[in-house]
J.: 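Below are the structure tokens for one structure; questions will follow.
Counting convention: from 1, in listed order, for ligands and their atoms alike.
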Amino acid sequence: MSIDTYISQEDIAKRVKELGQQISKDYEGEELVVVGVLNGCFLFMADLIREIKIPVYVEFMKASSYGDSTTSSGKVDIQLDIKQDIAGRNVLVVEDIVDTGLTISGVCNDFTARNPKSLKVCSLLFKPARLENEVQIDYLAFEIEDKFVIGYGLDYAGKYRELPYIGIYNED
Ligand code: IMP
């Protein structure tokens with residue numbers, strides 16, 4: 001097995017800074033509840049919130065989509081929920097990757113029912129080739145090819161999350 005560097009540590013840092021600046025500008029004068037979807041988001045989330053210059057509340061959740069796209073259409077099983085009431089508040093959901101889009105659309109459906117003031121999505125990566133559910137990504141760091149990627153929070157069978165860059169996993 002080998003790992004090819006796909007997105008370098010420097011390129012990630014540059015993009016995360018840009019996203020933080022954009023988010024700070026868009027929510028100027030407001031507060032934001034930033035909700036990370038575990039486990040893959042943890043490094044991105046940690047770097048992103050340090051680039052956001054408005055007051056943030058940090059929350060995490062764990063969710064997985066169930067069924068196939070025809071039956072689940074955006075339903076998620078929430079294994080760990082946030083602790084704060086988001087009614088009337090600005091919420092930004094942070095994902096590691098939007099692949100089929102089922103997880104994020106399920107989380108957004110669930111959160112919409114809690115009546116936030118606003119709800120937006122920020123994702124580190126987006127793989128348009130595999131999208132099954134139409135999702136709006138308001139802040140995106142990188143659109144990528146249909147490859148299995150690891151590092152910077154993303155795993156293969158639980159490993160490689162600690163890599164500081166995003167790599168492509170080759171079985172060979
Ligand atoms: P979804 O298919 O958009 O619901 O994505 C579900 C989850 O699958 C993501 O949050 C990731 O944790 C995981 N995932 C999807 N593609 C990859 C990948 O290329 N590498 C590592 N994890 C992935």
Side-chain angles (χ1 to χ4, degrees), residues 1-13 15-16 19-20 23 33-49 58-82 86 91-114 116 119-172:
M1 114 54 202
S2 63
I3 300 169
D4 296 326
T5 303
Y6 188 51
I7 305 172
S8 71
Q9 196 172 352
E10 293 72 27
D11 287 348
I12 295 170
R15 210 42 210 121
V16 171
L19 286 181
I23 291 165
V33 184
V34 186
V35 181
V37 183
L38 292 170
N39 291 340
C41 77
F42 75 109
L43 289 181
F44 177 44
M45 177 91 167
D47 288 342
L48 182 69
I49 57 167
V58 177
E59 286 280 338
F60 288 97
M61 72 179 306
K62 211 165 185 173
S64 50
S65 59
Y66 55 85
D68 59 61
S69 59
T70 49
T71 54
S72 70
S73 66
K75 285 235 169 66
V76 279
D77 179 24
I78 296 181
Q79 288 111 27
L80 174 74
D81 204 352
I82 56 173
I86 56 169
V91 177
L92 181 67
V93 181
V94 177
E95 258 277 34
D96 55 350
I97 183 166
V98 175
D99 186 28
T100 62
L102 292 172
T103 306
I104 199 65
S105 63
V107 169
C108 287
N109 285 345
D110 192 278
F111 277 14
T112 300
R114 304 185 199 191
L119 179 63
K120 286 192 184 181
V121 171
C122 177
S123 186
L124 172 67
L125 303 172
F126 173 45
K127 247 189 233 180
R130 294 189 16 107
L131 195 66
E132 291 179 24
N133 249 33
E134 207 48 56
V135 289
Q136 168 149 359
I137 305 173
D138 302 280
Y139 303 99
L140 175 67
F142 302 99
E143 187 171 303
I144 62 165
E145 304 160 75
D146 189 9
K147 307 252 191 216
F148 194 83
V149 289
I150 51 168
Y152 196 60
L154 291 110
D155 74 308
Y156 173 69
K159 287 163 70 182
Y160 310 111
R161 292 192 195 275
E162 73 283 7
L163 296 178
Y165 59 90
I166 295 167
I168 293 179
Y169 183 89
N170 302 306
E171 285 282 1
D172 48 21

J.: Give me the one residue out of Ile137, Leu125, Thr103 that meets side chain to side chain contact (heavy atoms under 4.5 Å, CB included) with Glu95.
T.: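 Exactly one candidate clears the test, Thr103.
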J.: In plain terms, say whether Arg161 and Asp96 are close enough for a salt bridge, that is, a side-chain N and a carboxylate O under 4.0 Å apart.
T.: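 No, Arg161 and Asp96 are not salt-bridged.
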J.: What is the distance from atom OG1 of Thr112 to atom CG of Leu119, rounded to the nearest 0.5 Å?
T.: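 Reported to 0.5 Å precision, the distance equals 5.0 Å.
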J.: Kindly print each ligand 1 N/O atom paired with any protein N/O atom under 3.5 angstrom away, one pair per line, or none if nothing qualifies.
T.:
unit_1: ligand 1; atom_1: 2 (O); unit_2: Thr100; atom_2: N; d: 2.9
unit_1: ligand 1; atom_1: 2 (O); unit_2: Thr100; atom_2: OG1; d: 2.5
unit_1: ligand 1; atom_1: 3 (O); unit_2: Asp99; atom_2: N; d: 2.8
unit_1: ligand 1; atom_1: 3 (O); unit_2: Thr100; atom_2: N; d: 3.1
unit_1: ligand 1; atom_1: 3 (O); unit_2: Gly101; atom_2: N; d: 2.8
unit_1: ligand 1; atom_1: 4 (O); unit_2: Thr100; atom_2: OG1; d: 3.4
unit_1: ligand 1; atom_1: 4 (O); unit_2: Thr103; atom_2: N; d: 3.0
unit_1: ligand 1; atom_1: 4 (O); unit_2: Thr103; atom_2: OG1; d: 2.6
unit_1: ligand 1; atom_1: 10 (O); unit_2: Glu95; atom_2: OE1; d: 3.3
unit_1: ligand 1; atom_1: 10 (O); unit_2: Asp96; atom_2: OD1; d: 2.8
unit_1: ligand 1; atom_1: 12 (O); unit_2: Asp96; atom_2: OD2; d: 3.1
unit_1: ligand 1; atom_1: 19 (O); unit_2: Lys127; atom_2: NZ; d: 2.9
unit_1: ligand 1; atom_1: 19 (O); unit_2: Val149; atom_2: N; d: 3.0
unit_1: ligand 1; atom_1: 20 (N); unit_2: Val149; atom_2: O; d: 2.6

J.: Given Val149, which of Leu124, Ile3, Asp99, Ile166 fulfils the side chain to side chain contact (heavy atoms under 4.5 Å, CB included) condition?
T.: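 Testing each of Leu124, Ile3, Asp99, Ile166 against Val149, the sole residue satisfying side chain to side chain contact (heavy atoms under 4.5 Å, CB included) is Ile166.
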J.: If you measure from CD on Glu132 to CD on Glu134, what distance do you get to the nearest 0.5 Å?
T.: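 Separation between the atoms: 12.0 Å.
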J.: Do the ring planes of Tyr156 and Phe148 sit parallel (below 30°), tilted (30 to 60°) or perpendicular (above 60°)?
T.: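 Answer is perpendicular, since the angle exceeds 60°.
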